[in-house]
Amino acid sequence: MAFFEWNENLSVGILQLDTQHKTLVNMINNLYEAMSMGKGKDTLPKIIKEMSAYAVSHFSSEEKLMQMYEYPEYESHKKEHELFVKKIQEFKTEINKGNITITLNIANFLKSWLVNHIQGTDKKYSPFLEKEV
Ligand code: FEO
């Protein structure tokens, strides 16, 4: 069983965004797997870099749609995205310093952040963006 499995409870009802969320779930699994196999030290910086770039691109997709449909909670949602990117930057700094003991924390943080964000924040835009399906 994978560390993190996407399921229908995580669906926002918009195919494009569900697909992007699934990719993020896969990336978190890759990170966890690399760590479990003791490859964290070699692969962690690359995985984190790719995930960070992908998350930024996903956030940008959501923000564009929210703006397009004049979603009323756009600003607070965007702020959550910014805080997440900031957190990833902090992880990157730790990794660059050679502090890889935080790997497990990273995988757990990413998983719980994504679940909470999708279920608590992303899902709220569904009724506003449904036209995009
Ligand atoms: Fe799917 Fe708001 O991130």
Side-chain angles (χ1 to χ4, degrees):
M1 191 174 163
F3 168 66
F4 188 4
E5 294 199 24
W6 189 92
N7 62 64
E8 284 301 320
N9 289 333
L10 294 173
S11 175
V12 294
I14 296 152
L15 184 62
Q16 174 200 347
L17 299 176
D18 278 347
T19 303
Q20 293 176 3
H21 287 149
K22 285 175 189 172
T23 301
L24 283 168
V25 166
N26 285 337
M27 286 176 142
I28 293 169
N29 278 324
N30 289 343
L31 168 70
Y32 182 82
E33 232 170 79
M35 183 209 68
S36 304
M37 293 168 72
K39 288 185 181 169
K41 193 180 175 182
D42 304 324
T43 55
L44 188 58
K46 187 171 173 272
I47 292 175
I48 288 284
K49 195 176 166 194
E50 284 171 2
M51 183 181 307
S52 168
Y54 192 83
V56 167
S57 142
H58 163 64
F59 294 157
S60 166
S61 299
E62 275 187 0
E63 288 164 18
K64 260 185 226 159
L65 287 172
M66 286 192 273
Q67 279 186 306
M68 195 183 293
Y69 292 97
E70 298 177 340
Y71 177 57
E73 292 188 46
Y74 168 77
E75 288 297 339
S76 58
H77 194 140
K78 190 172 187 288
K79 201 145 274 172
E80 279 194 33
H81 290 167
E82 286 166 358
L83 286 173
F84 179 79
V85 172
K86 193 168 170 255
K87 188 77 189 166
I88 294 290
Q89 290 302 332
E90 287 169 13
F91 281 143
K92 272 192 194 168
T93 304
E94 288 304 308
I95 289 159
N96 289 340
K97 278 196 255 169
N99 182 4
I100 59 142
T101 55
I102 56 166
T103 311
L104 184 61
N105 289 346
I106 294 176
N108 282 312
F109 168 82
L110 293 170
K111 180 181 175 181
S112 67
W113 188 90
L114 194 60
V115 168
N116 290 332
H117 181 75
I118 292 174
Q119 292 186 327
T121 305
D122 284 355
K123 278 185 172 227
K124 287 196 210 160
Y125 60 51
S126 297
F128 293 86
L129 313 186
E130 264 170 6
K131 290 165 266 184
E132 269 299 306
V133 177

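Sequence positions, counted from 1, serve as the residue numbers for this chain. From a predicted model like this one, the values you see are computed outputs, not experimental measurements. Just follow the structure's listing: the first ligand is 1, and inside any ligand the first atom is 1.
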Check: H117 ring centroid to F84 ring centroid under 6.0 Å: no
In terms of heavy-atom contacts, N108 and F3 come closest through OD1-CZ, 3.6 Å
Who are the side-chain hydrogen bond (donor to acceptor under 3.5 Å, both in side chains) partners of D18, not counting sequence neighbours? S11
According to salt bridge (charged side-chain N to carboxylate O under 4.0 Å, His left out), who are the partners of K86, at least two apart in sequence or on a separate chain? none
Name of the H77 N, O or S atom nearest atom 2 (Fe) of ligand 1? NE2
K87 meets the salt bridge (charged side-chain N to carboxylate O under 4.0 Å, His left out) criterion, sequence neighbours left out, with E90
Listing protein N, O or S under 2.8 Å around atom 1 (Fe) of ligand 1 gives H21 NE2, H58 NE2, E62 OE2, D122 OD2
Indicate whether any N or O donor in one side chain lies under 3.5 Å from an N or O acceptor in the other, for H81 and H58. no
